[in-house]
Amino acid sequence: MAKEEIKLDENNIPNHIAIIMDGNGRWAKKRNLIKKAGHKAGADTLEKITNTAIDLGVKHLTVYAFSTENWKRSDEEVSGIMDLLRKYLRENIKTAKVRNCKVDIIGEKSRLDKDIQEKIEELENITKNKTGLNLHIALNYGGRDEIIRAVKKIADDCMDGAINCNDITESLFSSYLDTKGIPDPELMIRTSGEERISNFLLWQLAYSEFSFSDKLWPDYTPEDFKQAIWDYQNRDRRFGGRNS
Ligand code: IPE
Ligand code: IPE
Ligand code: MG
């Protein structure tokens, strides 16, 4: 029997959705494939979900692609991921013209290989005037690392006299994070059945709604994504107050 189509409230599409794209390794293992094959399938899913987000009018999509802790994995897996990243950047540079999507990277870029950093800059530059979806890719990203880098910059600015210690507010602090200018996510999705944050957007997820899916990321579909938005639309968000 055909599943009924999910009817979303077009006036209540989350402005910002964050995704922990987890489960590529298990997807590959189930098929007796090498890890890289799982990451490749995961990259294909990212393309589909990005296009769905564009179609739905989502303004910001932040995806966790590589964490500050993922360097602990084998050299083979890390270099496989970096090769796929090169391919992803190359392909997105090619197709940038036909997709209304502005791309930028959050995370500490200096640890990435020079050629990757150059490709990132090129993609950020050629998409900077796009007006549709803002796709933020978290690469060598860790929430704690981001907070520490922000604290160091604030301390420097205090010592230089650029700001006064008493000027430090939540909004000033936010403006020192990699996500400067990006509204906090209303919805955070994690796939693969794990129910943890794993150092993702620690500051920004303070009041986000969480959606956990048992599906492995390569198996996650645009329908699953719409279902997560539907669930979000039926949540009661209180922000510490009362709605009735
Ligand atoms: C997420 O998939 C992608 C990265 C962390 C780079 P995993 O590789 O963590 O997949 P599992 O958790 O091993 O299945
Ligand atoms: C989080 O997934 C990082 C990314 C999806 C890029 P991990 O697979 O690294 O997280 P843990 O180890 O299960 O917490
Ligand atoms: Mg994982």
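In what follows, residues are counted from 1 in the order of the sequence shown. Just so you know, ligand 1 is whichever comes first in the structure, and atom 1 is the first atom listed for that ligand.
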Quiz prompt | Ala65 and ligand 1 - part of the residue with a heavy-atom distance under 4.0 Å | solution = backbone
Exercise. Identify, by atom number and element, the atoms of ligand 1 in contact range of Arg26, meaning under 4.0 Å from any of its heavy atoms.
Key: 11 (P), 12 (O), 14 (O)
Quiz item: Going by the order shown, which atoms of ligand 1 are within less than 4.0 Å of some heavy atom of Ile81?
Solution: 6 (C)
Quiz item: Once the angle between the rings of Phe200 and Tyr64 is folded into 0 to 90°, is it parallel (under 30°), tilted (30 to 60°) or perpendicular (over 60°)?
Solution: parallel
Practice problem: Hey, can you tell me if Phe212 and Phe210 have their rings parallel, tilted or perpendicular (30° and 60° cut-offs)? | Solution: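 Rings of Phe212 and Phe210: perpendicular, as their planes differ by over 60°.
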Strictly below 4.0 Å, N to O, side chains only: are [X] and [Y] in salt-bridge contact?
X	Y	value
Asp104	Lys128	no
Asp236	Arg238	yes
Lys226	Glu223	yes

Quiz item: Could any protein non-hydrogen atom be found less than 4.0 Å from atom 12 (O) of ligand 2?
Solution: no
Quiz item: To which protein heavy atom is atom 10 (O) of ligand 1 closest, and what is the distance rounded to 0.1 Å?
Solution: Gly25 N, 2.9 Å
Exercise. Just need the protein heavy atom nearest to atom 14 (O) of ligand 2, so name the residue and atom and give the distance.
Key: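 Going atom by atom, the protein heavy atom closest to atom 14 (O) of ligand 2 ends up being Ser198 OG, 2.6 Å.
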Quiz item: Within less than 2.8 Å of the Mg ion (ligand 3), any N, O or S from Glu194?
Solution: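 No, Glu194 does not qualify, because none of its backbone or side-chain N, O or S atoms lies under 2.8 Å.
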Quiz item: Taking the minimum heavy-atom distance to atom 2 (O) of ligand 2, which of Arg196, Arg190, Glu69, His39 ranks first?
Solution: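 When every heavy atom of Arg196, Arg190, Glu69, His39 is considered, Arg190 comes closest to atom 2 (O) of ligand 2.
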Quiz prompt | Options Lys35, Arg73, Met21, Lys29, ranked by nearest heavy atom to atom 9 (O) of ligand 1, top entry | solution =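 Selected option, by shortest heavy-atom distance: Arg73.
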Self-check item: Of all N/O/S atoms in Asp22, the name of the one nearest the Mg ion (ligand 3)
Solution: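 The atom in question is OD1.
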Self-check item: Over 12 foreign heavy atoms within 6.0 Å of CG, Asp75
Solution: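 Count not over threshold, so no.
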Exercise. Would you mind telling me which of Lys102, His60, His16 makes a side-chain hydrogen bond (donor to acceptor under 3.5 Å, both in side chains) with His136?
Key: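 Output: one option passes, namely His60.
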Practice problem: Say whether Asp22, considering both its backbone and side-chain N or O atoms, lies within less than 3.5 Å of an N or O atom on ligand 2. | Solution: yes
Quiz prompt | Heteroatom distance test (Asn70, ligand 2): nitrogen or oxygen, under 3.5 angstrom | solution = yes
Exercise. Taking the six-membered ring of Trp71 (Phe, Tyr or Trp), confirm whether the NZ or CZ of Arg73 is under 6.0 Å from its centre and within 45° of its axis.
Key: no
Quiz item: Counting heavy atoms only, which part of Phe66 comes closer than 4.0 Å to ligand 2: side chain, backbone, both or neither?
Solution: backbone
